[in-house]
Every structure is written in C-alpha cells, then in structure tokens.
Amino acid sequence: MKFVEKTLWQNIQSENYLPVYLVTGTDGYLKQQYVSLFADRVVPAGLEAFNLHKFEGDVTEVDEIATCVEALPAMCEKTCVIVHDLPFSGLTEDEQEKMLTMLRDLPDTCVLVFWQDTENISQRTTFGKDVVNLIDKAGAVCTIDKRTQKDLTAFVVKECKKNEREIDYDTALYFVQAVGDDMSNLINEIEKVCFYTNSAITVKDIDAVAIKSLEATTFKMLDYLVDNDFENAYKMLGVLFDQKTDPILIVGAIVSSYVDMYRAKIAVESGHSIKDVKAAYPSVYKSDFRLKSALNRSKKYTVKGLREALEIISRADIQNKSTFAGERLTIEKLFIDLSMARRIK
C-alpha cells in the first residue's frame with residue numbers, strides 16, 4: 001500500500017508493523033529519522049545484537065539479506081532488517097530472482113526496511129516494477145519528500161519554543177529562506193541561534209550566527225548585483241568562498257537564478273502569471289517565493305538583456321569548468337558583464 005508520512009508515523013507508533021517497507025523520497029534527514037525509529041521500536045533495547053541487522057547495499061549480497069529475514073527472533077517478537085541503498089538495477093539475474101522469491105514469501109517475524117537515498121528503483125524495468133509491486137502488496141511504499149516552506153516555517157516556530165525562545169512567523173519564514181530546506185542543517189542552525197540569544201529571535205540574530213544556504217546567499221548577492229551595489233555583491237561572494245563553496249556550484253546557482261528571472265519575465269510579459277510558471281515546472285518550484293523574487297529582480301532587465309545575461313553566464317560556466325585557477329576572478333568578471341547586460345534595451 002502507498003503510505004503518506006502521517007500514516008507511516010501512526011504505523012510505527014501503534015507498533016502494527018508490516019513485513020516490508022520501501023522508504024524513498026527527497027528528504028534524506030526525515031528518511032533517516034523514520035528508519036531509526038524502526039530500529040529503535042521493533043527491537044527492544046539490549047537485544048540488538050541478535051535481532052537488528054543493518055546492511056549497506058553496495059557491499060551486500062541478496063543471500064545475506066534473505067538469511068537474516070528468515071532468521072527467528074531471539075527473546076522478542078520480531079527482528080528488523082535495514083538495507084540502505086541496495087543497487088537494485090545492478091543485481092544479476094540470479095540475484096533478482098532470489099530477491100523476488102524472498103519478497104513473495106516474507107515471514108511475519110521480521111520487519112524488512114529498504115531505505116533508498118542515492119539508489120532508486122527504476123520502474124521502467126520489469127524487475128523494478130515487480131519489486132515495487134511486491135513490496136506494495138506485502139507492505140508499504142513510503143515516499144518522504146522535503147517539507148513545504150509553510151511546514152518548515154511552522155517547524156522553526158515549534159523548535160524555537162522547545163528551546164524556550166520565541167520567534168514570530170515572518171522571522172521564522174526568513175529563517176527558512178536564509179538557511180534552506182535541509183532539515184538536518186535547519187535543526188543545527190535553530191540550536192545555534194537559540195543559544196546565541198536570550199530573548200525573542202530577530203532577523204539580526206539569524207544574520208549574526210546562522211550559516212546561510214548557497215541559494216539564500218546567492219539571492220542576496222544578486223539583489224546587490226542588480227542594484228549595481230558591487231561592494232556588497234563582492235562581500236557575499238567572499239562569504240561563499242570563505243565557506244569553501246565550489247565555484248562551479250556558485251555559477252550554477254547564478255544560472256538557476258537568471259533562468260528563474262527569464263521564465264518569470266517572459267510569462268508576465270506574455271500575459272501569464274508566475275503561478276502558470278510554477279504549474280509548468282512543478283518539480284522545480286515548490287512555492288511562489290523563488291519566482292516572486294525572480295520577477296522582482298527581472299524588472300531591472302529587458303527580455304533581450306536577460307537573454308544576453310544567460311549567454312554571458314553560459315560562457316563563464318564553461319570557462320569555470322575548464323580551468324583550475326582563477327575561478328573567483330572569473331565570477332567577479334561575470335558580475336561586471338551582467339551589469340552591462342542590464343543596459344541592453
């Protein structure tokens with residue numbers, strides 16, 4: 001059966017475990033948290049050595065997994081077998097058949113959890129479809145994706161309250177936009193800011209101690225750039241280099257931002273809205289924030305100027321990837337070229 005996150009949580013809380021789970025999705029932190037809950041809840045403390053089996057997929061044989069799945073629990077009701085990133089697409093025909101045989105006849109004395117991070121099960125193959133269908137039939141397929149901006153904002157408010165600090169909704173929203181949507185990183189930065197201040201959390205507190213995400217820093221850098229504030233734009237670039245950010249990622253973030261600007265401007269000038277852009281690229285834009293910011297920046301450029309800017313960035317990206325030195329100089333020159341593109345009518 002297909003499980004949403006709430007159903008998965010209720011299933012674990014009630015200890016009404018199914019024989020097998022497939023845990024996938026885009027939120028690595030939340031997936032790890034749920035898998036840890038299985039490990040902690042299924043097997044009583046002190047009995048892990050006999051009943052809890054963890055495997056890393058790239059160094060694991062299907063026979064090993066099957067042996068542990070079939071083993072009877074020692075001094076408790078169930079065993080728990082956790083397999084992380086099993087490369088299903090790399091299994092031999094013999095291993096594939098063994099996997100399907102195991103999934104067709106799972107015992108009720110084991111909870112088997114396939115936890116996929118970088119290795120996804122391709123349902124374009126017959127084997128991939130069979131695996132997912134068998135797991136769906138015997139247990140649950142759980143997709144844990146990144147939370148929405150609204151959910152993350154509420155999470156920040158809740159976590160700050162746990163740390164005996166108050167934060168209003170708008171400031172919490174700024175926190176999410178500045179730090180990013182990675183839950184693990186977000187929790188770390190919340191703890192830092194709560195430790196830093198003894199009163200209600202402000203934007204200044206966040207700016208003082210929280211490490212900004214590449215996207216957030218790039219947004220701020222571009223805000224300065226489109227306003228021709230080169231001094232602060234270079235300062236933001238310095239922050240990224242101080243954080244040892246890969247120059248290729250910096251240029252990539254600039255590319256992404258200018259593509260957003262171009263899409264937003266073309267949409268509005270052709271009589272559409274940013275909601276239309278969001279609908280056209282649902283996997284790219286999870287909220288309106290990126291597109292609203294992009295539309296605001298795009299007002300400083302003509303459509304022709306944005307097209308030229310994209311050409312300029314493309315050349316800088318190629319140059320950045322083909323050199324081993326001077327990456328910062330390449331990006332600083334890019335800033336000047338982008339300011340020239342603003343003058344195109």
Side-chain angles (χ1 to χ4, degrees), residues 1-25 30-144:
M1 65 186 72
K2 299 293 190 296
F3 264 23
V4 296
E5 186 180 337
K6 182 178 180 181
T7 310
L8 178 61
W9 169 249
Q10 291 172 343
N11 192 238
I12 295 173
Q13 285 289 92
S14 66
E15 298 185 355
N16 185 25
Y17 305 113
L18 299 172
V20 60
Y21 296 85
L22 172 60
V23 181
T24 66
L30 287 174
K31 286 187 294 184
Q32 185 175 27
Q33 291 297 104
Y34 279 111
V35 171
S36 296
L37 281 174
F38 277 116
D40 293 339
R41 300 289 182 88
V42 175
V43 178
L47 298 178
E48 295 90 348
F50 304 103
N51 302 293
L52 178 60
H53 311 282
K54 297 181 179 180
F55 296 101
E56 286 298 326
D58 58 342
V59 292
T60 302
E61 300 289 335
V62 175
D63 282 335
E64 293 179 88
I65 300 170
T67 298
C68 291
V69 167
E70 293 166 6
L72 292 174
M75 297 176 285
C76 65
E77 291 185 10
K78 295 180 183 290
T79 61
C80 183
V81 177
I82 296 171
V83 186
H84 183 220
D85 265 348
L86 183 70
F88 285 90
S89 60
L91 298 181
T92 65
E93 287 187 14
D94 182 53
E95 289 173 322
Q96 289 180 11
E97 188 54 43
K98 289 178 179 177
M99 173 63 67
L100 296 176
T101 299
M102 179 184 70
L103 292 175
R104 289 189 187 106
D105 189 26
L106 290 166
D108 59 6
T109 55
C110 176
V111 177
L112 172 60
V113 182
F114 290 107
W115 162 27
Q116 301 300 110
D117 268 332
T118 59
E119 296 282 350
N120 293 318
I121 303 177
S122 174
Q123 295 192 59
R124 294 180 180 178
T125 65
T126 300
F127 173 65
K129 289 179 182 177
D130 288 343
V131 167
V132 173
N133 287 337
L134 285 170
I135 293 174
D136 188 48
K137 182 178 179 180
V141 176
C142 316
T143 303
I144 310 296

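Annotation: side chain of Ile135 is in contact with side chain of Leu103 (closest heavy-atom distance under 4.5 Å). For the pair Val43 and Thr79, the minimum side-chain heavy-atom distance is 4.5 Å or more. With contacts defined as side-chain heavy-atom distances shorter than 4.5 Å, the pair Tyr17/Glu15 qualifies. At a threshold of 4.5 Å between non-hydrogen side-chain atoms, the residues Glu95 and Glu61 count as touching.
Here Arg104 pairs with Glu97 in a salt bridge; the nearest charged N to carboxylate O distance falls below 4.0 Å.
Applying the side-chain hydrogen bond (donor to acceptor under 3.5 Å, both in side chains) rule to pairs touching residues 32-41 yields Glu5-Tyr34, Gln13-Arg41, sequence neighbours excluded.
Val35 is linked by a side chain to side chain contact (heavy atoms under 4.5 Å, CB included) to Ile82, Val113, Trp115, counting only residues two or more places apart in sequence or in another chain.
The distance from atom NZ of Lys137 to atom CG of Asn133, rounded to the nearest 0.5 Å, is 9.5 Å. Interatomic distance, CD of Gln116 versus OG1 of Thr143, reported as 11.5 Å (0.5 Å rounding).
Between Tyr21 and Phe38, the ring-plane angle classifies as tilted under the 30° and 60° cut-offs.
A donor-acceptor pair under 3.5 Å links the side-chain atoms of Asp85 to the main chain of Glu119, judged by distance alone. A donor-acceptor contact shorter than 3.5 Å links the side chain of Lys78 to the backbone of Asp108.
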